[in-house]
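What's counted below: heavy atoms across the whole structure, side chains too, no hydrogens, waters or symmetry copies. Note on naming: letters A, B, ... go to the chains in the order of the sequence lines (proteins, then strands), and numbering restarts at 1 for each one. Because the structure is a prediction, the values reported are computed rather than measured.
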Number of protein chains: 2
Amino acid sequence: MNLQQLRSVSETVRRGFSLTKVAAVLHTSQPGISRQIRELEDELNVEIFERAGKRLTKLTEPGAAVLPIIERILLDVQNLRRAAQDFTGRDLGHLTIAATHAQARYALPAAVLDFRALYPQVTLNLHQGSPRQVAQMLIEGEADIGIATEALSQYGELIALPCYRWTHCVIAPVGHALLDGAPLQLERLARYPILTYEPGFTGRARIDEAFARAGLKPQIVISAMDADVIKTYVELGLGVGIVSTLAYDEVRDRGLRALDAGHLFEVNMTRLAIRRGTLLRTYVLSFIETFAPSLTPSVVKDALASDVALETVS
Amino acid sequence: MNLQQLRSVSETVRRGFSLTKVAAVLHTSQPGISRQIRELEDELNVEIFERAGKRLTKLTEPGAAVLPIIERILLDVQNLRRAAQDFTGRDLGHLTIAATHAQARYALPAAVLDFRALYPQVTLNLHQGSPRQVAQMLIEGEADIGIATEALSQYGELIALPCYRWTHCVIAPVGHALLDGAPLQLERLARYPILTYEPGFTGRARIDEAFARAGLKPQIVISAMDADVIKTYVELGLGVGIVSTLAYDEVRDRGLRALDAGHLFEVNMTRLAIRRGTLLRTYVLSFIETFAPSLTPSVVKDALASDVALETVS
DNA sequence: TATCCTTACGGAATTCGTAAGCATG
DNA sequence: CATGCTTACGAATTCCGTAAGGATA
């Protein structure tokens with residue numbers, strides 16, 4: 001048994017059972033991959049893949065049993081490298097953050113600046129995507145840290161830690177009727193065309209819930225993935241916007257006014273997620289603490305240590 | 001990086017930093033081991049071992065950080081093999097049980113018989129030792145299951161599951177004054193020379209505690225590792241014995257009489273332990289359930305899954 | 001001086017890629 | 001018939017054991 005065999009199996013599952021693709025990804029020849037897999041199967045004396053003729057189609061039952069163990073070994077090989085790197089250069093390396101637009105645009109900049117000052121030698125990489133894409137990147141090992149308000153708690157492969165709470169606000173162009181000083185109510189809000197986030201983004205679920213609970217059917221004329229797009233069209237007079245309070249800036253958004261809507265929609269929790277079982281380098285722990293001071297290294301380590309599931313034979 | 005390198009490092013720590021011994025254990029040459037270690041250190045770019053001149057003396061700080069990860073990888077390689085074996089021959093393999101004398105002699109026989117009938121093709125291996133030796137065998141991976149009343153809960157590397165409760169009894173030769181029918185009391189018991197287990201064996205701690213709490217200093221004339229020895233000398237008239245109730249058999253021990261002492265000494269709990277992080281084959285789970293019906297496969301798996309600690313960089 | 005690890009070297013085994021073969025959609 | 005996996009073969013590399021070197025108790 002050797003690690004290359006394990007990598008071949010793992011990558012074959014990831015790449016949808018195409019050995020040709022696996023060979024490309026692992027920078028080797030396709031017969032090589034074929035042989036690696038066959039040799040591992042021979043040694044373990046089980047077929048890992050089901051074959052339709054000569055093509056691999058899916059995992060066998062034994063294959064499904066051994067795959068999680070293989071994945072864990074490969075993850076630990078990474079962890080081994082990381083642990084060592086933390087000694088060769090504690091402040092040297094890469095940090096890939098996956099975040100939604102809302103986080104990347106409004107919540108992260110301060111932390112990124114501080115972090116760059118602390119660890120100037122760490123190459124920062126910021127990826128933007130939907131909450132599900134953020135989760136996917138973490139699971140695939142393509143990102144070290146994921147930050148989003150939605151979805152992250154729903155994956156068993158991830159550990160999601162609470163960072164901060166925030167509420168929505170309603171934005172309208174200067175001079176809009178809603179800005180007459182009267183208290184903001186859901187019924188009144190629902191009378192205007194509304195611009196807000198797409199489903200699955202930045203607390204949209206809480207907005208829908210609130211309207212549904214009140215028996216209201218708001219007319220959502222534009223839904224976008226980010227507040228900047230929403231603000232643009234609100235400013236053009238297409239309606240009123242519902243966005244995260246974080247996205248409104250008095251100075252920058254001179255043409256708009258904001259009304260707090262914390263009493264209308266449920267509070268949102270932004271979470272930071274990491275892949276279960278990954279070892280975090282010192283600077284990663286440091287970034288996390290910079291972003292959310294309550295998430296000290298020891299808090300994060302405890303969360304990691306508390307529940308790494310181990311598979312047993314069915 | 002390859003698995004042989006990891007094995008070399010792991011074994012070097014186990015064998016007290018003697019590469020010569022490691023080479024013998026791994027059936028290879030000593031320069032080979034030296035090279036494996038050096039190559040891993042080169043690749044990780046950290047020194048794993050401290051060297052006094054040319055001899056390895058101990059782990060470096062990075063070495064201590066990477067060692068647990070290396071151990072986990074090697075354990076998972078074993079787990080991988082086991083998972084596969086469970087498919088090639090579900091009822092074929094080896095089962096090594098480490099147990100104390102008390103367990104091997106009185107508690108295990110019934111379970112062993114049942115198990116042999118269920119899995120005639122599994123080679124059973126029963127090792128006997130002190131509770132600490134039992135624990136050591138589990139930690140070293142030399143035994144799959146450990147059973148003892150003492151010590152097993154004290155090791156972070158092990159998971160100890162409760163099997164059954166038992167109490168002590170007092171044994172005396174037929175015709176002994178203690179057998180006059182009067183209720184058994186600690187004070188009266190302490191007047192006779194006592195034969196019981198050695199410290200660290202079969203509930204001896206609970207016996208000492210009881211006497212100490214009562215302010216009594218019993219005269220222990222013989223302490224032994226097992227009840228058979230104790231019974232022999234009690235029968236010869238050297239004093240009264242305090243042994244596990246399980247060790248007394250009315251029919252077999254005709255020269256002796258037993259008085260229940262459940263009210264004098266605290267109840268004992270016999271535990272079954274397994275090494276954290278090990279995958280248990282189907283027949284191992286089956287044996288455990290045979291021995292302690294409350295420990296069903298799902299109970300054991302849950303216990304295994306609940307708390308596998310993951311190290312993070314300090 | 002004996003023990004133990006490292007370095008050097010040469011042979012053997014392994015590994016890997018190319019090319020051909022063959023089955024499937 | 002094109003795609004994709006397997007088999008076959010030869011070359012290159014890697015690996016490993018023996019032998020010599022050097023440091024320490």
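In this structure, A:I37 places its CD1 atom 7 Å from P of D:dT6, rounding to the nearest Å. Summarising the geometry, the separation between CG on A:N2 and P on D:dT13 is reported as 20 Å, rounded to the nearest angstrom. The interatomic distance linking B:R38 (CZ) with D:dC16 (P) rounds to 17 Å, in whole Å. Rounded to whole Å, the distance from CG on B:L56 to C1' on D:dA23 is 13 Å. The nearest whole Å value for the distance from the CD atom in B:E39 to the C1' atom in C:dT6 is 13 Å. Taking atom CD of A:Q5 as the reference point, atom P of C:dC16 lies 9 Å away to the nearest angstrom. The distance between atom CD1 of B:I33 and atom P of C:dT7, rounded to the nearest whole Å, is 16 Å. The distance between atom NE2 of B:H27 and atom C1' of D:dC16, rounded to the nearest whole Å, is 16 Å.
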Problem - Steps toward side-chain contact (heavy atoms from CB on, under 4.5 Å) verdict (A:S223, A:Y197) - result: CA-CA 5 Å; A:S223 62; A:Y197 301 104; over 6 Å; no
Practice task
Verify side-chain contact (heavy atoms from CB on, under 4.5 Å) between B:I70 and B:Q5, making sure each step is shown before the conclusion.
Solution key: CA-CA 10 Å; B:I70 290 177; B:Q5 291 167 355; over 6 Å; no
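A salt bridge does not link A:E71 with A:R7: every distance from a Lys NZ or Arg NE/NH1/NH2 to an Asp or Glu carboxylate oxygen is 4.0 Å or more.
In summary, the side chains of B:Y155 and B:R275 do not present any donor paired with an acceptor at a separation below 3.5 Å, with no hydrogens or angles considered.
The CG atom of B:D86 sits 10.0 Å away from the CG atom of B:L280 when rounded to the nearest 0.5 Å. Remark: A:Q36 CD to A:T12 OG1 distance equals 10.0 Å, nearest 0.5 Å.
Partner of A:I147 under the side-chain contact (heavy atoms from CB on, under 4.5 Å) criterion, chosen from A:I288, A:L152, A:L108: A:L108.
A donor-acceptor contact shorter than 3.5 Å is absent between the side chain of A:N125 and the backbone of A:L95.
Annotation: B:M225, atom CE; neighbour count of heavy atoms from other residues, nucleotides and ligands within 6.0 Å does not exceed 12. Applying the 6.0 Å contact sphere to CZ of B:R132 captures no more than 12 heavy atoms from other residues, nucleotides or ligands.
Nearest heavy-atom pair, B:I33 versus B:S8, reported as atom, atom and distance to 0.1 Å: CD1-OG, 3.8 Å.
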Quick test: give all pairs of protein nitrogen or oxygen and nucleotides 10-12 of chain D nitrogen or oxygen below 3.5 Å, distance rounded to 0.1 Å.
none

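Contact annotation for B:Q36: backbone-only contact, meaning every heavy-atom pair under 4.0 Å involves sugar-phosphate atoms and none involves a base.
Screening residues 15-26 of chain A for side chain to side chain donor-acceptor pair (under 3.5 Å) gives A:E11-A:R15 as the qualifying pairs, with residues at least two apart or on separate chains. Applying the salt bridge (charged side-chain N to carboxylate O under 4.0 Å, His left out) definition to pairs two or more places apart or across chains, those involving residues 137-156 of chain A are A:R14-A:E140, A:R82-A:D144, A:E150-A:R206.
If you check residues 11-26 of chain A against DNA chain C, you find no residue with a heavy atom closer than 4.0 Å.
Mapping B:T28 and A:R51 onto DNA chain D via the closest heavy atom, the residue that lands nearer the 5' end is A:R51.
Ring centroid separation for the pair B:Y283 and B:F287 does not come in under the 6.0 Å cut-off.
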Completion exercise
Counting primed atoms, P, OP1 and OP2 as sugar-phosphate and everything else as base, the B/S/- map of nucleotides 18-25 of chain C against protein heavy atoms under 4.0 Å is BB-BB-B-
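For the helix from C:dT1-D:dA25 to C:dG25-D:dC1, the axis fitted to the five pairs at one end and the axis fitted to the five pairs at the other end meet at an angle of 40° (nearest 10 degrees).
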